[in-house]
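Structure record follows, encoded as structure tokens.
The shown structure was predicted, so the numbers you read here are calculated from the model rather than taken from an experiment. Convention: sequence-line order gives letters A, B, ...; per-chain numbering from 1.
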There are 2 protein chains.
Amino acid sequence: MKDGPDIARIASLIGDPARANILSALMGGVALTAAELAGEAGVTPQTASSHLAKLEEGGLVVPRRQGRHKYFALASDEVAGLLEGLAGLAAHRGHTRTRRGPRDAAMRHARVCYNHLAGDLAVQMFDSLVAEGALDLDHGITLTPKGEAVMAGLGVDLATLRAGRPALVRECLDWSERRSHLGGSLGRALFGRFLELGWVRREEGSRVVRFTGEGLRRFNAAFPRALEAA
Amino acid sequence: MKDGPDIARIASLIGDPARANILSALMGGVALTAAELAGEAGVTPQTASSHLAKLEEGGLVVPRRQGRHKYFALASDEVAGLLEGLAGLAAHRGHTRTRRGPRDAAMRHARVCYNHLAGDLAVQMFDSLVAEGALDLDHGITLTPKGEAVMAGLGVDLATLRAGRPALVRECLDWSERRSHLGGSLGRALFGRFLELGWVRREEGSRVVRFTGEGLRRFNAAFPRALEAA
DNA sequence: TTCATACTTCGATGAAGGTCGAACCATCAT
DNA sequence: ATGATGGTTCGACCTTCATCGAAGTATGAA
């Protein structure tokens, strides 16, 4: 009865409300200090410290010391993807427990998934890249030469990206759209570029991403929404 | 701090060892009775009953009465996918906690993921279908006319499949290969066909799928392993 | 050094929940 | 009907673990 890997261990890690809040906060993509996370989770610093130690031990978050601060971030894209999946199931059979306010609609439209863009617009971008042949899905998922040109046009420096170890491109599943969007280091770089270009602004203390009017126009021009297959 | 859906709720459902064992057993794809699941989980029928009620309430499993028996199955492909994701993370940073025996190798090669084929060979099949144009990944994932011909050739009855509501094709992520393979009702139908054709046999009380010699030969002929992109 | 801040460790408290024995309901067989 | 089997409900026990107060360590500032 104890076949595969120990899924109960990590599931129980996420199963505590305080830890779930911590992880949700880290889904914002920015590294946060232990004290900040304590605030997010609504517990005292001692308790948060204990939780963070467990999350670290479990491989869900990674610490980074800086001076007398200790910053935490999600350990990997896979952790982020798993949390998205959980959110999807919870939302799906939510019994309308989570009343969907305006914040919720904004989240579905565009939000940050750990370090890249997610939501309706992210799916649009992914589909557009595939449709114009920038991404190749035949064996795994790879960036085509044409895709490299597209990225260069947007000002994404691929050379330094390739130096990093994490996979350049990776697909990530949306809980709202239930469709793939672009993750990996390329996804992160693109989102960073959107910020630099002023296309988007992050909403403080939330995962919501707001497009400026001009930014949305340029985004739609760069990644036109493809026609749905009949 | 309480933005999205309540992920802690379902995570804690999976977080209990007994419930995790139950869910793992159901990953085999066959519906099991409450008593059988109690055995799998290593608890008495009373406790299993309590656990199953919680899992049902949480939307992770669905019951089906038959006479005085009550059969349980996973609620959806998404639940199966989530469990696979958890297994992936647990295996990934397993600290070699799970010593990988011969059983493990077989699981990586071919296993059943709720109701369809997963593992190395499943990824091979998925890639092959994409490469020969049977599946189209441009907008979402769809079966092309060519793909319909392929399925007909294998003896899969698409007409009755389309009548059912669940999505015909769906991609599912492997924890061992970390690649997409074919899920959805088509994935289930294909796996059922493999059983009918005698290509594969299920190993009792486990998720392992064993190919017969002849079955593997035919499988490789039908879904040739594509050349990896350079 | 002396103080302040960020984080951790220790210990005690308390609540949540998994577990099983026993009794209770429902279905099928005889 | 009578019994047997599968499942559930109830109640009591008991382990587990989150939580916070208080004290301890480490880093930075003055």
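- A:P63 is linked by a side chain to side chain contact (heavy atoms under 4.5 Å, CB included) to A:E56, A:K70, A:F72, counting only residues two or more places apart in sequence or in another chain.
- Considering only side-chain N and O atoms, B:K54 lies nowhere under 4.0 angstrom from the phosphate OP1 or OP2 of C:dG17.
- Exactly one of B:L52, B:I22, B:I14, B:L74 qualifies for a side-chain contact (heavy atoms from CB on, under 4.5 Å) with B:L60. That residue is B:I14.
- Minimum atom distance to the side chain of A:D16 is reached by D:dA18, of the listed C:dT27, D:dT8, D:dA18.
- Between A:L52 atom CG and D:dC17 atom C1' the separation is 16 Å, expressed in whole Å.
- Mapped onto DNA chain D by nearest heavy atom, A:Q66 and A:V43 fall at different nucleotides, with A:V43 at the one closer to the 5' end.
- In this model, the phosphate group of D:dA18 is not approached by any side-chain N or O of A:T47 to a distance below 4.0 Å at OP1 or OP2.
- In the set C:dC20, D:dG7, D:dT19, the nucleotide with an atom closest to the side chain of B:T33 is D:dG7.
- You'll find that the side chain of B:R68 is closest to D:dT5, out of D:dT8, D:dT27, D:dT5.
- Summarising the geometry, the separation between NE2 on B:H51 and P on C:dA16 is reported as 18 Å, rounded to the nearest angstrom.
- Residue A:A18 is in sugar-phosphate contact alone, with no base atom involved, counting any heavy-atom pair closer than 4.0 Å across all strands shown.
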Restricting both atoms to N or O, compile the protein contacts to nucleotides 21-23 of chain C shorter than 3.5 Å, with distance only.
residue : atom : partner : partner atom : Å
C:dG21  : N7   : B:Q46   : NE2          : 2.6

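- Enclosure of atom CZ in B:R218 is not indicated, since only 12 or fewer non-hydrogen atoms of other residues, nucleotides or ligands lie within 6.0 angstrom.
- Taking the six-membered ring where tryptophan is involved, the planes of A:W199 and A:F194 are essentially parallel, since the angle between them stays under 30° and well short of 60°.
- Proximity of B:K70 to the phosphate of C:dT27: no side-chain N or O atom is located under 4.0 Å from OP1 or OP2.
- Atom CD of A:E56 and atom C1' of C:dC7 are 13 Å apart (whole Å).
- For the pair A:Y71 OH and C:dT5 P, the interatomic distance rounds to 17 Å; values are reported in whole Å.
- Residues satisfying the side chain to side chain contact (heavy atoms under 4.5 Å, CB included) test with B:T33, not counting sequence neighbours, are B:A35, B:E36, B:H69, B:Y71.
- Regarding contacts with the backbone of D:dA18, a side-chain N or O of A:R19 is found under 4.0 angstrom from either OP1 or OP2.
- No engagement by B:A53 is indicated, since no non-hydrogen atom pair under 4.0 Å with the nucleic acid exists.
- Between A:E203 and A:R111, no side-chain nitrogen of the basic residue sits less than 4.0 Å from a carboxylate oxygen of the acidic one, so the salt-bridge criterion is not met.
- Here the side chain of A:H69 is nearest to one of C:dC7, D:dG28, D:dT5, namely C:dC7.
- Using a 4.0 Å cut-off between charged side-chain N and carboxylate O, A:K54 and A:E57 make no salt bridge.
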